[in-house]
Novice: 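This is the structure, below, for whatever I ask next.
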Amino acid sequence: MIKRLFWFTAGFALGVYTTWRANQAVRTTVERYLPDPVVVRLRSLNDAIEARQREIRARNRPMRSVG
């Protein structure tokens, strides 16, 4: 049981790390080859999406506590 838990945890951690590194590598490569105006526009779009997500979460918090 301990061996199985160890290997499950090790595999999960390795998968998370590999996914994170791949994401960073792709992001760096895309930013390197895209023209600067496109990168700026994508960053502003990402910021707008994150701001909208924060607004939605803030609006939903009071609804969850009422019920």
Side-chain angles (χ1 to χ4, degrees):
M1 180 70 180
I2 298 298
K3 281 184 183 180
R4 192 174 291 180
L5 182 61
F6 170 78
W7 286 113
F8 176 76
T9 305
F12 179 78
L14 183 62
V16 169
Y17 176 74
T18 303
T19 302
W20 177 75
R21 287 292 295 158
N23 187 12
Q24 292 297 320
V26 168
R27 191 178 296 249
T28 303
T29 303
V30 166
E31 287 182 0
R32 183 182 311 142
Y33 290 109
L34 281 178
D36 287 336
V38 175
V39 172
V40 169
R41 192 165 183 183
L42 286 175
R43 284 185 182 156
S44 67
L45 177 63
N46 191 31
D47 292 341
I49 290 171
E50 288 177 359
R52 181 68 177 148
Q53 286 175 343
R54 283 192 298 273
E55 289 175 12
I56 290 171
R57 287 186 190 121
R59 195 177 327 140
N60 287 342
R61 262 189 218 118
M63 289 181 192
R64 290 184 186 161
S65 62
V66 171

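None of these values were measured; they are calculated from a predicted model.
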Novice: Which residue pairs satisfy the side chain to side chain donor-acceptor pair (under 3.5 Å) criterion with at least one member in residues 45-58, sequence neighbours excluded?
Specialist: Arg52-Glu55
Novice: Do Val38 and Val26 sit in one hydrophobic cluster, given that two such residues count as connected whenever their side-chain heavy atoms are within less than 4.5 Å of each other, even indirectly?
Specialist: yes
Novice: Hey, could you give me the OG1/CG distance between Thr18 and Asn23, rounded to the nearest 0.5 Å?
Specialist: 12.5 Å
Novice: If I take atom CG from residue Leu14 and atom OG1 from residue Thr9, how far apart are they, to the nearest 0.5 angstrom?
Specialist: 12.5 Å
Novice: Are Val30 and Val39 grouped together when hydrophobic residues (ILVMFWY) are joined by side-chain heavy atoms under 4.5 angstrom apart?
Specialist: yes
Novice: Any side-chain heavy atom of Leu5 sitting closer than 4.5 Å to one from Met1?
Specialist: no
Novice: Give the ring-plane orientation class for Phe8 versus Phe12, where under 30° counts as parallel, over 60° as perpendicular and anything between as tilted.
Specialist: parallel
Novice: Going by the rule salt bridge (charged side-chain N to carboxylate O under 4.0 Å, His left out), which residues pair with Arg43 if we only count those two or more places apart in sequence or in a different chain?
Specialist: Glu31
